[in-house]
Undergrad: 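Just passing along the structure, written as structure tokens.
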Amino acid sequence: MLKVVIIGANHAGLATARYLLESGRPLEITMIDKNSSLGYIAGATPLLIGNKISSYRNFFSADTEWIAKHVTNFYTDSEVTKVDFGRKRIFAEKSNGKKFNFKYDKLVLATGSRQQNLIVENNELSGIYKLKDLKEALLINQKLSTRKCRDVAVIGGGYIGVEMAVALQARNKNVSLFEVNDHVLNTHYDKEFAQLAQQKLSENGVQVQVDEEILKFEGYNGKLTGIVTTQGNYSVDMVILAVGFLPNTQLGRKHLTCFTNGAYIVNSAQQTSDPDVYAVGDCATSYSKIFKDQMIDFSVADALHGSYVAAKSIVGEKTISDGTVMTNAFRVYGLNFFATGLTTEMAYKRGIEIEYVDYEDWVLLPAMLNNNKAKVRLIYTKEDRYLVGAQICSEADLSGSISTLTLAIQKEMTIDELSFSKFFFYPYFNLPNDLLVKAAQESEKK
């Protein structure tokens with residue numbers, strides 16, 4: 001019987017186990033994770049902090065218990081200390097000090113990522129928090145409930161940092177959001193769209209500090225008291241770091257081929273440079289449909305996709321990953337943002353010659369009540385006019401539209417093909433000539 005070992009019971013690891021179990025093949029599946037609370041959905045943290053959910057206990061993967069019952073072995077509070085890739089053997093130690101080891105035929109690395117720290121003076125002061133796991137989220141929530149915690153700084157203006165700023169402001173805290181670049185959300189959104197988010201934040205009392213680098217933290221008796229930046233000094237009671245993540249790949253870095261940031265490089269079947277070792281989720285690279293090269297996509301959607309491909313490959317079914325286009329969505333005070341593919345700034349940095357069109361219109365017929373406008377940007381290559389990116393901003397839920405654009409990019413659709421696409425019409429849902437079609441037709445005027 002094929003022995004499959006999965007290191008990591010996060011989204012990617014649990015999904016791989018589920019797909020393997022659902023295959024119906026005779027497998028001996030062993031899962032191991034260093035934590036006891038498994039399957040926590042980290043995206044719930046801003047909702048937890050902002051008192052938007054009834055209980056964090058409802059934000060765990062629903063099938064964790066089912067998987068634990070059906071796999072052959074399920075070890076928690078157990079850390080893998082070494083992988084002998086030559087002998088195909090795992091060495092681990094439980095939190096009580098008990099050591100054990102076992103063999104594998106196929107190994108799946110789902111070790112996730114670790115949050116980056118700011119390499120500045122006094123970065124270990126009490127009062128500086130990260131956002132990676134449930135334990136840290138509960139500590140933040142507890143600290144926010146004290147009267148002494150009034151001034152909070154969020155460092156990092158990505159969408160997680162923005163969502164945390166909104167959540168903290170909902171707790172009646174004085175919130176400052178620091179971003180080293182000239183606008184927030186620079187990974188997924190162009191400046192024109194990011195400024196819409198910045199405006200919403202400012203209107204609701206969040207102090208947005210862009211073009212500002214953190215130089216050091218200040219403290220007294222080991223406790224945080226302030227921040228020193230390139231633009232001034234700030235008194236704070238708490239700092240929340242949202243400065244990005246790095247792949248957690250210490251176990252296999254010496255044996256497996258890695259990307260520039262340390263992620264395991266995988267092929268279209270999620271295999272690493274060792275064909276009996278697979279990597280899924282944040283610890284692995286993804287293939288970019290646009291760049292035709294390896295890249296990093298720290299997203300749950302990409303992790304689940306990679307898990308499906310890895311499981312199929314392990315049981316001998318030919319399923320090839322079609323890569324990622326980096327799709328993203330979030331909300332700021334009722335204003336929804338959606339993005340997929342490249343931003344214009346990303347394309348320029350990569351030397352890709354692009355054009356783009358901006359279009360704004362009502363989502364529904366102008367006569368309809370409860371109507372909203374939407375801003376759309378479509379980005380396409382200058383020479384062959386392939387769609388390579390899109391951004392949407394609206395108070396309406398246009399998640400279906402961004403999913404359509406994601407699929408269009410994956411299937412290498414041109415903006416001209418989009419402009420002639422046929423969509424349904426119903427007054428409660430869209431316009432007679434769909435918003436995306438009208439936006440695409442703007443390219444004909446260029």
Side-chain angles (χ1 to χ4, degrees), residues 42 45-51 113-187 194-195 197-246 248 261 298 332-333:
T45 298
L47 300 174
L48 168 66
I49 300 303
N51 290 328
S113 59
R114 54 187 172 84
Q115 191 169 357
Q116 294 186 62
N117 201 358
L118 277 183
I119 310 302
V120 297
E121 187 178 345
N122 298 324
N123 63 2
E124 299 300 324
L125 287 169
S126 173
I128 302 173
Y129 297 87
K130 297 179 182 179
L131 290 170
K132 183 58 182 171
D133 55 33
L134 174 60
K135 181 180 178 181
E136 198 84 351
L138 294 176
L139 287 173
I140 293 170
N141 200 41
Q142 184 180 32
K143 173 78 171 179
L144 290 171
S145 300
T146 65
R147 292 182 179 180
K148 293 182 179 180
C149 185
R150 295 177 55 84
D151 301 310
V152 184
V154 179
I155 300 176
Y159 70 90
I160 295 176
V162 169
E163 288 182 328
M164 279 303 301
V166 173
L168 292 163
Q169 193 274 334
R171 297 285 290 270
N172 296 314
K173 304 301 178 182
N174 301 320
V175 184
S176 298
L177 177 63
F178 292 87
E179 170 57 46
V180 69
N181 295 293
D182 66 355
H183 67 277
V184 299
L185 305 169
N186 66 301
T187 301
Q195 286 176 334
Q198 288 180 200
Q199 182 179 343
K200 274 288 185 182
L201 289 166
S202 298
E203 289 173 354
N204 286 274
V206 176
Q207 299 296 316
V208 182
Q209 310 289 141
V210 295
D211 260 333
E212 196 158 356
E213 183 180 357
I214 308 300
L215 298 180
K216 70 174 183 177
F217 297 115
E218 293 185 320
Y220 180 73
N221 285 340
K223 295 182 179 180
L224 175 76
T225 59
I227 299 173
V228 178
T229 76
T230 49
Q231 295 187 27
N233 296 6
Y234 303 85
S235 296
V236 294
D237 303 307
M238 176 191 284
V239 162
I240 295 178
L241 297 178
V243 291
F245 300 93
L246 288 172
N248 189 13
N261 71 339
F298 290 137
V332 182
Y333 296 108

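Basis for what follows: all heavy atoms, side chains included, without hydrogens, waters or symmetry-related copies. Sequential numbering from 1 along the given sequence is applied to the chain's residues.
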Undergrad: Quick check: closest heavy atoms across Ala167 and Pro46, and the distance to 0.1 Å?
TA: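 Distance-wise, the nearest heavy atoms are CB-O, 3.2 Å.
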Undergrad: Within a strict 4.5 Å, meaning less than it, do heavy atoms of the Val210 and Asp182 side chains meet?
TA: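 No, side chains not in contact.
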Undergrad: Any chance you could measure Leu118, atom CG, to Ile214, atom CD1, to the nearest 0.5 Å?
TA: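 Separation between the atoms: 7.0 Å.
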Undergrad: Assess the residue pair Met164 and Val175 against the criterion (side chain to side chain contact (heavy atoms under 4.5 Å, CB included)); give the C-alpha distance rounded to whole Å, side-chain angles, the decisive distance to 0.1 Å, and a yes or no.
TA: CA-CA 10 Å; Met164 279 303 301; Val175 184; over 6 Å; no
Undergrad: Please check this pair: side chain of Gln198 against backbone of Val208, looking for a donor-acceptor N/O pair closer than 3.5 Å.
TA: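 Judged by distance alone, no pair lies under 3.5 Å.
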Undergrad: So, do Val184 and Tyr159 sit near enough that their side-chain heavy atoms are less than 4.5 Å apart?
TA: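 A side-chain contact is absent here, since even the closest heavy-atom pair is not under 4.5 Å.
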Undergrad: Could you check whether any side-chain N or O of Gln231 sits under 3.5 Å from a backbone N or O of Asp211, counting only pairs where one atom can act as donor and the other as acceptor?
TA: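 Checked: pair present.
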Undergrad: I need the full list of salt bridge (Lys or Arg N to Asp or Glu O under 4.0 Å) pairs touching residues 217-238, with sequence neighbours left out, sorted by first then second residue.
TA: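 Counting only pairs at least two positions apart or across chains, no salt bridge (Lys or Arg N to Asp or Glu O under 4.0 Å) contact touches residues 217-238.
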Undergrad: To the nearest 0.5 Å, what is the distance between CZ (Phe298) and CG (Leu246)?
TA: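 Rounded to the nearest 0.5 Å, the CZ-CG separation comes to 6.5 Å.
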Undergrad: In Å and rounded to the nearest 0.5 Å, what is the CZ to CZ distance from Phe245 to Arg114?
TA: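 If we round to the nearest 0.5 Å, Phe245:CZ and Arg114:CZ are 12.0 Å apart.
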Undergrad: So, for Ala194 and His183, which heavy atoms are closest and what is the spacing to 0.1 Å?
TA: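 Nearest heavy atoms, Ala194 then His183: CB-CD2, 3.4 Å.
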Undergrad: For the residue pair Glu124 and Asn117, establish whether any side-chain heavy-atom pair is separated by less than 4.5 Å.
TA: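 They are in contact (side-chain heavy atoms under 4.5 Å apart), so the answer is yes.
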Undergrad: Return the CE to CG distance between Met238 and Asp151, rounded to the nearest 0.5 Å.
TA: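 CG of Asp151 is found 11.5 Å from CE of Met238.
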Undergrad: Heavy atoms only: give me the nearest Ala153-Ile227 pair and the separation to one decimal.
TA: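 Minimum heavy-atom separation between Ala153 and Ile227: CB-CD1, 3.5 Å.
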Undergrad: Taking the side chain as every heavy atom from C-beta outward, state whether Glu121 and Val228 have any pair of such atoms under 4.5 Å apart.
TA: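 Not touching, per the 4.5 Å side-chain cut-off.
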Undergrad: Keeping to residues at least two apart or across chains, list the side-chain hydrogen bond (donor to acceptor under 3.5 Å, both in side chains) pairs with something in residues 134-144.
TA: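 Counting only pairs at least two positions apart or across chains, the side-chain hydrogen bond (donor to acceptor under 3.5 Å, both in side chains) contacts touching residues 134-144 are Asn141-Arg171.
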Undergrad: What are the two closest heavy atoms between Leu185 and Ala197, and how far apart are they?
TA: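 Looking at all heavy atoms of both residues, the shortest contact is CD1-CB, 3.7 Å.
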Undergrad: So how far is it from Phe178 CZ to Thr230 OG1, rounded to the nearest 0.5 Å?
TA: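 Reported to 0.5 Å precision, the distance equals 9.5 Å.
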Undergrad: For a side chain to side chain contact (heavy atoms under 4.5 Å, CB included) check, start with the C-alpha distance between Gln115 and Leu241, then their side-chain angles and the critical distance, and finish with the verdict.
TA: CA-CA 9 Å; Gln115 191 169 357; Leu241 297 178; 4.0 Å; yes
Undergrad: Taking C-beta and beyond as the side chain, do Ile140 and Leu131 meet within less than 4.5 Å on heavy atoms?
TA: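 Yes - at least one pair of side-chain heavy atoms lies under 4.5 Å apart.
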Undergrad: Would you please test Glu212 and Tyr234 for side-chain hydrogen bond (donor to acceptor under 3.5 Å, both in side chains) and show each step?
TA: CA-CA 12 Å; Glu212 196 158 356; Tyr234 303 85; 2.6 Å; yes
Undergrad: Check each of Val239, Leu168, Val206 against Val154 using the side chain to side chain contact (heavy atoms under 4.5 Å, CB included) test, and report the only one that passes.
TA: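 Exactly one candidate clears the test, Leu168.
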Undergrad: How would you list all residue pairs meeting salt bridge (Lys or Arg N to Asp or Glu O under 4.0 Å) that involve residues 153-164, not counting sequence neighbours?
TA: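 Salt bridge (Lys or Arg N to Asp or Glu O under 4.0 Å) check on residues 153-164 returns no pairs.
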Undergrad: Report the C-alpha separation of Glu203 and Gln199 in whole Å, then their side-chain angles, then the decisive distance to 0.1 Å, and conclude whether the side-chain hydrogen bond (donor to acceptor under 3.5 Å, both in side chains) test is met.
TA: CA-CA 6 Å; Glu203 289 173 354; Gln199 182 179 343; 3.1 Å; yes
Undergrad: Would you confirm whether Asn122, through its side chain, and Phe217, through its main-chain N or O, come within 3.5 Å as a donor-acceptor pair?
TA: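 Yes, the answer is positive, given that a donor and an acceptor are paired below the 3.5 Å cut-off.
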Undergrad: Between atom NZ of Lys173 and atom CG of Leu144, what is the distance when rounded to the nearest 0.5 Å?
TA: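 Answer rounded to 0.5 Å: 5.5 Å.
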